[in-house]
Amino acid sequence: MPRFFMLRLLCTTILCVIHIFTLINNAKGKEFTDVEMAQYREKIKSMFYHAYNSYLDNAYPYDELRPLTCDGQDTWGSFSLTLIDALDTLLILGNHTEFQRVATLLQDSVHFDIDVNASVFETNIRVVGGLLSAHLLSKRAGMVVEPGWPCSGPLLRMAEDAARKILPAFQTPTGMPYGTVNLLRGVNPTETPVTCTAGVGTFILEFSALSRLTGDPIFEDVARKALWSLWKTRSEIGLVGNHIDVISKKWVAQDAGIGAGVDSYFEYLVKGAIMLQDEELLSMFLEYDKAIKNYTKFDDWYLWVQMHKGTVSMPVFQSLEAFWPGLQSLIGELDSALRTFHNYYSVWRQFGGLPEFYSIPQGYTVDKREGYPLRPELIESAMYLYKATGDHIFLQLGRDAIESIEKITRVPCGYASVKDIRDHKLDNRMESFFLAETIKYLYLLFDPDNFIHNSGLDFEVGTGPSEDCVFGAGGYVFNTEAHPLDPAALHCCSRKQEERRELQDILLNLSEPLANPQETQSQKTDTETEPPVMDSSESIALKPGTSRKSPLLSCPMQPFSARLAVRGQVFTDST
């Protein structure tokens with residue numbers, strides 16, 4: 001990096017830091033009372049219903065509301081997307097009745113056998129993620145759940161159906177998915193093989209949840225294969241670029257950073273590690289984190305660099321990067337998270353929102369990237385950091401966000417994206433993430449007692465497929481569209497599937513006649529295929545003509561909860 005650029009960057013950064021810390025020191029004197037917190041919660045609710053009712057009255061069943069013309073449009077696939085995205089927000093705001101009505105409506109009206117080209121990434125995070133979350137929250141919302149819940153249910157079946165429609169995108173030599181798929185016909189033969197990094201690495205939460213709930217491993221398998229393929233393409237200095245060819249593994253765009261096109265890949269490594277208790281995913285992220293700190297971090301800003309050389313390619317801050325302080329808080333890097341958050345907050349205070357691109361050396365917006373489409377990322381980080389620190393400066397950001405959104409973007413038919421944050425000109429679009437994320441994170445910021453923040457003191461036992469299943473004990477993991485997933489439910493269902501498979505093996509072992517040693521030896525050389533996991537209506541015995549080896553841990557003399565000693569090793573339920 002040229003010395004003059006570094007000097008200019010350093011001076012700009014110092015001025016920004018001095019400015020924001022002056023604001024912070026003044027703000028710290030402002031403590032929000034319980035009454036004020038309640039008032040802000042009510043204000044956020046009124047914002048939600050203004051947007052939500054405007055969508056229902058003017059845009060449903062289209063995907064999105066066009067707030068300036070009071071009509072609707074399909075954007076991501078004709079799914080009534082805003083309704084799906086808003087469903088779990090309704091419950092978080094306490095509206096059980098509307099949750100039940102909408103959940104039933106979606107079951108009757110939304111189908112995925114349609115001739116539509118859909119984004120694989122967006123369909124996963126918004127549709128599959130939204131339906132999974134609603135399924136896992138449906139009992140809390142007062143819905144009557146079917147026997148076997150949470151391992152079965154109509155919303156779960158819808159999520160599985162949507163996921164199966166995008167599975168053909170993963171049929172590539174690398175296992176990395178195409179960016180677009182036709183829901184009826186599969187991948188178009190002329191489809192471009194180039195997709196963004198986030199479009200490859202943002203599936204492990206939803207797809208592993210599906211596999212653990214339904215017992216079908218295909219979803220988690222393809223998500224992990226895509227992650228591994230992407231991991232193997234990192235550069236010599238440990239960075240990944242922005243766009244990759246999923247057939248050849250060649251990097252088409254070699255800018256490395258934490259923002260647009262990359263962001264949720266890093267997010268899912270951390271959250272996947274948390275939800276699945278997977279040390280391998282965390283170790284992958286920590287390796288990336290070292291490279292990110294070494295090559296892209298400058299005075300608590302994160303720039304874009306060339307992935308092979310580490311030289312600066314774009315000295316900009318993108319609004320999508322504002323999720324990073326919240327992610328840092330999840331791995332315990334609070335000091336760094338706070339400093340970066342304060343840099344980003346200074347930009348918000350400058351404009352009343354975050355422009356899509358912000359030039360760090362110039363301290364101003366970037367040409368043709370001046371918009372603010374009501375994104376949630378800075379509010380998301382504020383929620384995490386307030387939970388971690390209790391510092392009311394993060395409530396101050398929430399208050400600023402409420403005032404900005406109300407003053408700048410509210411129109412008679414909802415809230416409009418900002419086309420230019422400098423003069424506050426509006427655009428005719430209200431993306432579904434406004435109700436799924438922005439409003440949700442705002443409300444949770446001012447509602448520390450919400451069930452989502454449960455620390456484990458409140459939980460439900462014995463209502464699942466096993467008497468000792470635990471639900472709703474907290475530790476919810478948000479996908480990148482802010483749809484919360486309950487890790488305990490995944491464990492309960494995956495354990496049920498493991499027990500069914502083990503019982504199946506035990507019965508087969510007891511029912512089959514003893515084979516002679518030569519036959520047994522020849523069978524060991526055969527390549528045998530694992531049968532698909534059956535649903536609860538099927539017999540646990542295999543169909544005639546099929547066979548399967550008994551696993552090492554099969555033991556008909558002990559219950560599943562007992563510890564098994566096999567060849568000197570002790571195994572427990574969690575193994």
Side-chain angles (χ1 to χ4, degrees), residues 13-14 16-32 257-259 263-264 266-275 277 279 281-303 317 319-349 354 376-401 441-442 444-450 452-456 474-478 480 482 484:
T13 302
I14 291 172
C16 287
V17 170
I18 292 173
H19 173 66
I20 191 58
F21 271 102
T22 301
L23 294 172
I24 290 165
N25 288 334
N26 292 335
K28 279 190 174 181
K30 167 63 178 174
E31 292 289 317
F32 288 74
I258 61 171
D263 49 356
S264 53
F266 297 136
E267 178 187 0
Y268 272 41
L269 290 178
V270 173
K271 291 182 175 179
I274 294 171
M275 188 177 83
Q277 295 295 288
E279 293 182 6
L281 295 179
L282 183 59
S283 67
M284 291 165 71
F285 173 79
L286 293 177
E287 284 298 311
Y288 280 128
D289 196 34
K290 290 177 186 176
I292 289 167
K293 289 173 180 173
N294 286 338
Y295 295 101
T296 76
K297 185 177 181 182
F298 294 91
D299 294 314
D300 300 306
W301 295 94
Y302 293 84
L303 312 182
F317 156 61
S319 61
L320 283 170
E321 298 171 15
F323 83 101
W324 191 257
L327 192 69
Q328 286 180 303
S329 75
L330 291 178
I331 60 172
E333 294 187 356
L334 269 181
D335 289 341
S336 178
L338 292 171
R339 292 193 298 269
T340 298
F341 179 87
H342 294 326
N343 283 345
Y344 298 169
Y345 187 14
S346 69
V347 179
W348 182 287
R349 292 293 295 262
L354 292 183
E377 282 76 18
L378 191 62
I379 302 165
E380 173 187 0
S381 284
M383 184 202 73
Y384 280 114
L385 291 172
Y386 179 61
K387 288 175 64 178
T389 67
D391 192 335
H392 283 219
I393 183 61
F394 303 109
L395 298 178
Q396 174 93 23
L397 178 277
R399 187 193 68 181
D400 290 349
Y441 285 133
L442 264 179
L444 289 173
L445 175 62
F446 286 97
D447 189 18
D449 296 324
N450 195 280
I452 287 290
H453 297 312
N454 182 15
S455 60
Y476 291 95
V477 176
F478 288 99
T480 198

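All residue numbers refer to positions in the sequence shown, counting from 1. Reckoned from all heavy atoms, side chains included, excluding hydrogens, waters and symmetry mates.
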**Report entry** Criterion side-chain contact (heavy atoms from CB on, under 4.5 Å) on Val270 and Ile331, from CA distance to verdict
**Finding:** CA-CA 8 Å; Val270 173; Ile331 60 172; 3.9 Å; yes

Requested in this report: For Gln396 and Arg399, run side-chain contact (heavy atoms from CB on, under 4.5 Å): C-alpha distance rounded to whole Å, both residues' side-chain angles, the deciding distance at 0.1 Å, then the answer.
Outcome: CA-CA 5 Å; Gln396 174 93 23; Arg399 187 193 68 181; 2.5 Å; yes

**Report entry** Audit row: Trp324, Phe341, side-chain contact (heavy atoms from CB on, under 4.5 Å) steps and yes/no
**Finding:** CA-CA 8 Å; Trp324 191 257; Phe341 179 87; over 6 Å; no

Query raised in the report: Does the side-chain contact (heavy atoms from CB on, under 4.5 Å) test come out yes or no for Leu281 and Tyr268, once each step is laid out?
Result: CA-CA 9 Å; Leu281 295 179; Tyr268 272 41; over 6 Å; no

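Side chains of Leu397 and Ile379 form a contact here, defined as non-hydrogen atoms less than 4.5 Å apart. By the 4.5 Å heavy-atom criterion applied to side chains, Glu333 and Lys293 are counted as neighbours. Contact of the Val477 side chain with the Pro484 side chain is not registered, since no non-hydrogen atoms from C-beta on lie closer than 4.5 Å. The closest side-chain heavy-atom distance from Pro325 to Leu338 is not below 4.5 Å.
Note on Arg339 versus Asp335: no salt bridge recorded, every NZ/NE/NH1/NH2 to OD/OE distance being 4.0 Å or above.
Scanning both residues, Gly398 and Leu442, for their nearest heavy atoms gives O-CD2, 3.7 Å. Listed here is the closest heavy atom pair of Leu354 and Trp348: CD2-N, 3.7 Å. Ala337 approaches Gln328 most closely through the heavy-atom pair CA-OE1, 3.1 Å. Between Leu445 and Ala382 the shortest heavy-atom distance is CD1-O, 3.8 Å. Summarising the geometry of Asp300 relative to Asn343, their closest heavy-atom pair is O-ND2, 3.1 Å, with the distance given to 0.1 Å.
Between the CD1 atom in Ile452 and the CE atom in Met383 there is a gap of 9.0 Å [rounded to 0.5 Å]. One distance of note links CG of Leu330 with CD1 of Ile274; it measures 4.5 Å at 0.5 Å rounding. Taking CG of Asp289 as the start and CZ of Phe285 as the end, the distance is 4.5 Å to the nearest 0.5 Å. Interatomic distance, Thr480 OG1 to Glu267 CD, rounded to the nearest 0.5 Å: 3.5 Å. To the nearest 0.5 Å, the span separating CD1 on Ile258 from CG on Leu327 amounts to 9.0 Å. Put simply, CG on Leu378 and CD on Glu321 are 12.0 Å apart, with the number rounded to the nearest 0.5 Å.
For Tyr344 (side chain) and Phe317 (main-chain N/O), no donor-acceptor pair under 3.5 Å exists by modelled atom type. In this structure a side-chain-to-backbone donor-acceptor pair under 3.5 Å is present from Ser381 to Ala322. Asn294 contributes a side-chain N or O that, together with a main-chain N or O of Lys290, makes up a donor-acceptor pair within less than 3.5 Å.
Using a 30° and 60° split on the angle between ring planes, Tyr386 and His392 fall in the perpendicular class, above 60°. Using cut-offs of 30° and 60° on the angle between ring planes, the pair Tyr384 and Phe478 is perpendicular.
No hydrogens or angles considered: a donor-acceptor pair under 3.5 Å links the side chains of Tyr345 and Asp400. Looking at Lys297 and Thr340, their side chains never bring a donor and an acceptor atom within 3.5 Å of each other.
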